[in-house]
Amino acid sequence: MTVSVQVEDFDAGAQLNKLRLASPSIGALVSFIGQVRDINDGDSINTLTLEHYPGMTESALQAIEAEAKSRWDILDSLIIHRVGTLEPLDQIVLVAVVSAHRGEAFKACEFIMDFLKTQAPFWKKEATAQGERWVDAKLSDDIALKQWQK
Amino acid sequence: MKIKVLYFARIKEAVNYSTEEIDLPAEILTITALKNWLSLRGEVWANLFDGKQVVRAAINHTLVDDLATIQANDEVAFFPPVTGG
(Lines give C-alpha, C1' and ligand atoms only; values in the text may rest on other atoms or scores of the structure.)
Protein backbone atom coordinates (compact mmCIF):
# COMPACT_ATOMS: atom_id res chain seq x y z
CA MET A 1 0.00 0.00 0.00
CA THR A 2 2.01 2.88 -1.33
CA VAL A 3 1.08 6.45 -2.25
CA SER A 4 3.29 9.06 -3.87
CA VAL A 5 2.37 12.59 -4.96
CA GLN A 6 5.30 13.96 -6.91
CA VAL A 7 6.47 16.44 -9.53
CA GLU A 8 8.92 14.00 -11.11
CA ASP A 9 8.04 11.52 -13.83
CA PHE A 10 8.10 7.79 -12.99
CA ASP A 11 9.32 4.62 -14.68
CA ALA A 12 6.09 2.62 -14.91
CA GLY A 13 7.84 -0.60 -15.97
CA ALA A 14 10.22 -0.51 -13.04
CA GLN A 15 7.38 0.31 -10.60
CA LEU A 16 5.22 -2.56 -11.87
CA ASN A 17 8.08 -5.06 -11.73
CA LYS A 18 8.87 -4.05 -8.16
CA LEU A 19 5.24 -4.55 -7.15
CA ARG A 20 4.89 -7.84 -9.04
CA LEU A 21 8.15 -9.42 -7.84
CA ALA A 22 7.48 -8.75 -4.14
CA SER A 23 5.78 -12.12 -3.62
CA PRO A 24 5.31 -15.42 -5.50
CA SER A 25 1.74 -15.56 -4.17
CA ILE A 26 0.89 -12.77 -6.63
CA GLY A 27 -0.79 -14.18 -9.73
CA ALA A 28 -2.18 -11.01 -11.28
CA LEU A 29 -1.18 -7.39 -11.74
CA VAL A 30 -3.62 -4.82 -13.14
CA SER A 31 -2.49 -1.27 -13.79
CA PHE A 32 -3.84 2.00 -15.17
CA ILE A 33 -1.81 4.92 -16.54
CA GLY A 34 -3.43 8.26 -17.28
CA GLN A 35 -1.64 10.64 -19.63
CA VAL A 36 -2.15 14.20 -20.87
CA ARG A 37 -4.20 14.43 -24.12
CA ASP A 38 -3.43 16.96 -26.86
CA ILE A 39 -7.06 18.04 -27.37
CA ASN A 40 -9.73 18.76 -24.75
CA ASP A 41 -13.20 20.19 -25.42
CA GLY A 42 -12.11 20.90 -29.00
CA ASP A 43 -9.06 22.98 -28.10
CA SER A 44 -5.40 22.17 -28.46
CA ILE A 45 -3.70 21.83 -25.06
CA ASN A 46 -0.23 23.31 -24.57
CA THR A 47 0.17 22.39 -20.90
CA LEU A 48 -1.84 20.91 -18.04
CA THR A 49 -1.04 22.10 -14.52
CA LEU A 50 -2.13 20.07 -11.52
CA GLU A 51 -2.64 21.73 -8.15
CA HIS A 52 -3.33 19.71 -4.99
CA TYR A 53 -3.90 20.01 -1.24
CA PRO A 54 -0.68 18.74 0.37
CA GLY A 55 -1.45 16.53 3.35
CA MET A 56 -5.10 15.90 2.45
CA THR A 57 -4.15 14.41 -0.93
CA GLU A 58 -1.94 11.75 0.62
CA SER A 59 -4.47 10.87 3.32
CA ALA A 60 -7.31 10.71 0.76
CA LEU A 61 -5.31 8.35 -1.49
CA GLN A 62 -4.35 6.15 1.48
CA ALA A 63 -8.01 5.97 2.52
CA ILE A 64 -9.00 4.91 -1.02
CA GLU A 65 -6.36 2.15 -1.01
CA ALA A 66 -7.54 0.97 2.41
CA GLU A 67 -11.16 0.87 1.20
CA ALA A 68 -10.12 -1.18 -1.86
CA LYS A 69 -8.25 -3.63 0.38
CA SER A 70 -11.30 -4.00 2.62
CA ARG A 71 -13.57 -4.78 -0.36
CA TRP A 72 -11.37 -7.17 -2.38
CA ASP A 73 -8.76 -9.78 -1.64
CA ILE A 74 -5.79 -7.82 -2.97
CA LEU A 75 -2.19 -8.25 -1.86
CA ASP A 76 -0.79 -4.77 -2.49
CA SER A 77 -1.47 -1.53 -4.35
CA LEU A 78 0.38 1.52 -5.61
CA ILE A 79 -0.76 5.03 -6.53
CA ILE A 80 1.64 7.56 -8.06
CA HIS A 81 0.09 10.92 -9.00
CA ARG A 82 2.03 13.81 -10.48
CA VAL A 83 1.51 17.52 -9.77
CA GLY A 84 2.92 20.62 -11.43
CA THR A 85 2.97 21.49 -15.13
CA LEU A 86 2.75 18.66 -17.69
CA GLU A 87 2.56 18.42 -21.48
CA PRO A 88 0.65 16.12 -23.87
CA LEU A 89 1.98 12.53 -23.67
CA ASP A 90 3.25 13.09 -20.11
CA GLN A 91 2.13 10.52 -17.56
CA ILE A 92 -0.25 11.89 -14.91
CA VAL A 93 -1.14 8.91 -12.76
CA LEU A 94 -0.27 5.25 -12.21
CA VAL A 95 -2.53 2.92 -10.25
CA ALA A 96 -1.52 -0.72 -9.87
CA VAL A 97 -3.00 -3.59 -7.89
CA VAL A 98 -1.69 -7.13 -7.31
CA SER A 99 -3.72 -10.13 -6.21
CA ALA A 100 -3.71 -13.92 -6.47
CA HIS A 101 -6.30 -13.91 -9.30
CA ARG A 102 -7.20 -11.32 -11.93
CA GLY A 103 -10.83 -10.59 -10.99
CA GLU A 104 -10.03 -8.91 -7.68
CA ALA A 105 -7.20 -6.84 -9.18
CA PHE A 106 -9.31 -5.63 -12.14
CA LYS A 107 -12.13 -4.49 -9.87
CA ALA A 108 -9.89 -2.88 -7.25
CA CYS A 109 -7.90 -0.95 -9.87
CA GLU A 110 -11.03 0.52 -11.45
CA PHE A 111 -12.48 1.30 -8.02
CA ILE A 112 -9.32 3.17 -6.97
CA MET A 113 -9.37 5.27 -10.17
CA ASP A 114 -13.09 6.08 -9.85
CA PHE A 115 -12.63 7.18 -6.24
CA LEU A 116 -9.45 9.10 -6.99
CA LYS A 117 -11.29 11.06 -9.71
CA THR A 118 -14.00 12.25 -7.34
CA GLN A 119 -12.44 12.24 -3.85
CA ALA A 120 -8.75 13.16 -4.05
CA PRO A 121 -8.07 16.92 -3.92
CA PHE A 122 -6.39 17.58 -7.28
CA TRP A 123 -7.39 20.35 -9.70
CA LYS A 124 -6.39 20.66 -13.37
CA LYS A 125 -5.78 23.89 -15.24
CA GLU A 126 -5.27 23.83 -19.02
CA ALA A 127 -3.25 26.29 -21.06
CA THR A 128 -4.57 26.66 -24.63
CA ALA A 129 -3.81 29.20 -27.35
CA GLN A 130 -6.79 31.20 -25.98
CA GLY A 131 -5.38 31.32 -22.45
CA GLU A 132 -5.71 29.37 -19.22
CA ARG A 133 -8.86 27.68 -17.91
CA TRP A 134 -9.76 25.41 -15.01
CA VAL A 135 -11.06 21.98 -15.97
CA ASP A 136 -14.63 21.33 -14.75
CA ALA A 137 -15.54 18.16 -12.87
CA LYS A 138 -17.41 15.67 -15.06
CA LEU A 139 -20.84 14.26 -14.29
CA SER A 140 -19.69 10.96 -15.84
CA ASP A 141 -17.12 10.65 -13.03
CA ASP A 142 -19.87 10.96 -10.41
CA ILE A 143 -21.91 8.35 -12.26
CA ALA A 144 -18.88 6.01 -12.40
CA LEU A 145 -18.58 6.33 -8.62
CA LYS A 146 -22.19 5.27 -8.06
CA GLN A 147 -21.56 1.73 -9.33
CA TRP A 148 -19.41 1.09 -6.24
CA GLN A 149 -22.01 2.16 -3.68
CA LYS A 150 -22.73 -0.66 -1.28
CA MET B 1 -12.24 30.76 18.26
CA LYS B 2 -9.25 30.64 15.96
CA ILE B 3 -9.19 28.53 12.83
CA LYS B 4 -7.05 28.27 9.71
CA VAL B 5 -8.78 28.52 6.32
CA LEU B 6 -7.27 27.37 3.01
CA TYR B 7 -8.50 28.04 -0.53
CA PHE B 8 -7.64 26.10 -3.68
CA ALA B 9 -7.84 26.31 -7.47
CA ARG B 10 -10.38 28.76 -8.93
CA ILE B 11 -11.59 29.71 -5.44
CA LYS B 12 -8.06 30.70 -4.41
CA GLU B 13 -7.82 32.86 -7.55
CA ALA B 14 -11.24 34.46 -6.92
CA VAL B 15 -10.56 35.47 -3.32
CA ASN B 16 -6.85 36.09 -3.86
CA TYR B 17 -5.87 34.20 -0.70
CA SER B 18 -4.37 30.75 -0.32
CA THR B 19 -4.49 30.67 3.47
CA GLU B 20 -5.55 32.84 6.38
CA GLU B 21 -6.02 32.66 10.14
CA ILE B 22 -9.48 33.72 11.25
CA ASP B 23 -10.76 34.53 14.73
CA LEU B 24 -14.39 33.47 14.37
CA PRO B 25 -17.30 34.93 16.34
CA ALA B 26 -18.57 32.38 18.87
CA GLU B 27 -21.84 31.80 17.01
CA ILE B 28 -20.14 30.52 13.81
CA LEU B 29 -20.19 26.76 14.39
CA THR B 30 -20.78 25.06 11.03
CA ILE B 31 -19.48 25.19 7.45
CA THR B 32 -22.77 26.80 6.37
CA ALA B 33 -22.41 29.49 9.03
CA LEU B 34 -18.79 30.10 8.01
CA LYS B 35 -19.77 30.43 4.32
CA ASN B 36 -22.52 32.92 5.22
CA TRP B 37 -20.15 34.87 7.46
CA LEU B 38 -17.44 35.03 4.76
CA SER B 39 -20.09 36.18 2.24
CA LEU B 40 -20.37 39.43 4.19
CA ARG B 41 -16.85 40.38 3.13
CA GLY B 42 -17.99 41.70 -0.24
CA GLU B 43 -19.17 40.90 -3.73
CA VAL B 44 -16.47 38.36 -4.62
CA TRP B 45 -17.16 36.39 -1.46
CA ALA B 46 -20.93 36.70 -1.76
CA ASN B 47 -20.80 35.39 -5.35
CA LEU B 48 -18.57 32.52 -4.31
CA PHE B 49 -20.97 31.25 -1.67
CA ASP B 50 -24.32 32.14 -3.31
CA GLY B 51 -24.97 28.50 -4.19
CA LYS B 52 -24.59 28.88 -7.97
CA GLN B 53 -21.28 27.03 -7.97
CA VAL B 54 -20.37 23.98 -5.95
CA VAL B 55 -17.89 24.75 -3.18
CA ARG B 56 -16.65 21.64 -1.41
CA ALA B 57 -15.29 21.82 2.14
CA ALA B 58 -12.84 19.80 4.17
CA ILE B 59 -12.10 19.94 7.89
CA ASN B 60 -8.69 18.67 8.97
CA HIS B 61 -8.15 16.91 5.59
CA THR B 62 -11.53 15.13 5.55
CA LEU B 63 -14.29 15.99 3.05
CA VAL B 64 -17.38 17.19 4.95
CA ASP B 65 -20.86 18.43 4.17
CA ASP B 66 -22.06 21.93 5.05
CA LEU B 67 -23.63 20.82 8.33
CA ALA B 68 -20.25 19.73 9.72
CA THR B 69 -19.20 21.40 12.97
CA ILE B 70 -16.08 23.56 13.25
CA GLN B 71 -13.90 23.48 16.35
CA ALA B 72 -11.07 25.69 17.58
CA ASN B 73 -7.76 25.20 15.73
CA ASP B 74 -9.42 23.31 12.87
CA GLU B 75 -7.98 23.56 9.38
CA VAL B 76 -10.92 24.31 7.06
CA ALA B 77 -10.46 24.21 3.27
CA PHE B 78 -12.73 25.42 0.47
CA PHE B 79 -12.29 24.16 -3.09
CA PRO B 80 -14.17 23.32 -6.30
CA PRO B 81 -15.11 19.73 -7.22
CA VAL B 82 -11.89 17.78 -7.77
CA THR B 83 -10.50 16.94 -11.22
CA GLY B 84 -7.48 14.68 -10.71
CA GLY B 85 -6.52 11.45 -12.39
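Being a predicted model, the structure only gives us computed values, none of them experimental. Within every chain, numbering begins at 1; the chains are lettered A, B, ... in the order of the sequence lines, protein sequences first and strands thereafter.
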> Using a cut-off of under 4.5 Å on heavy-atom pairs, state which of Gly55(A), Gly34(A), Ala60(A), Ala63(A) scores highest against chain B.
Gly55(A)
> Under 4.5 Å between side-chain heavy atoms, hopping through other hydrophobics if needed: is there a path connecting Ile92(A) to Phe10(A)?
no
> Please classify the contact between Ala9(B) and chain A as side chain, backbone, both or neither, with a heavy-atom cut-off of under 4.5 Å.
both
> Out of Lys117(A), Met113(A), Arg82(A), His81(A), which one racks up the most heavy-atom pairs below 4.5 Å with chain B?
Lys117(A)
> Establish whether Ile22(B) and Val55(B) are linked, either directly or via other cluster members, by ILVMFWY side-chain heavy-atom contacts under 4.5 Å.
yes
> Counting only heavy atoms from other residues, nucleotides and ligands, does the tally under 6.0 Å from CZ of Arg71(A) exceed 12?
yes
> Which answer fits Lys138(A), side chain, backbone, both or neither, if we ask what part of it has an atom under 4.5 Å from a heavy atom of chain B?
neither
> Taking the six-membered ring for Trp, are Phe8(B) and His52(A) ring centroids under 6.0 Å apart?
no
> Between Val5(A) and Met1(A), is there a shared hydrophobic cluster once you connect ILVMFWY residues whose side-chain heavy atoms come closer than 4.5 Å?
no
> So what's closer than 4.5 Å to chain B heavy atoms on Thr118(A): side chain, backbone, both or neither?
backbone
> Quick one: does Met56(A)'s side chain get under 4.5 Å of Leu63(B)'s, heavy atoms only?
yes
> Could you check if a side-chain atom of Lys125(A) sits within less than 4.5 angstrom of a side-chain atom of Glu13(B), using non-hydrogen atoms only?
yes
> Measure across Ala120(A) and Val82(B) and return the closest heavy-atom pair with its distance rounded to 0.1 Å.
O-CB, 3.2 Å
> With a 6.0 Å cut-off (strictly less than), is the heavy-atom count around CD of Glu43(B), excluding the residue itself, greater than 12?
no
> When you compare the side chain of Trp123(A) with that of Arg10(B), does any pair of heavy atoms fall below 4.5 Å?
no
> Measure distances from Asp136(A) to the heavy atoms of chain B and classify the residue's part below 4.5 Å as side chain, backbone, both or neither.
both
> Glu58(A) versus chain B, heavy atoms under 4.5 Å apart: side chain, backbone, both or neither?
neither
> Are side-chain heavy atoms of Phe122(A) and Thr83(B) found at a separation under 4.5 Å?
no
> Verify the cluster assignment for Leu29(A) and Ile74(A): are they in a single hydrophobic cluster under the rule of side-chain heavy atoms below 4.5 Å apart?
no
> Under 3.5 Å, side chain of His61(B) to main-chain N/O of Ser59(A), donor-acceptor pair present?
no
> How about CZ on Arg37(A), more than 12 heavy atoms from neighbouring residues, nucleotides or ligands closer than 6.0 Å, or not?
no
> Quick check: is Leu24(B) connected to Val76(B) through a chain of hydrophobic side chains (ILVMFWY, heavy atoms under 4.5 Å apart)?
yes
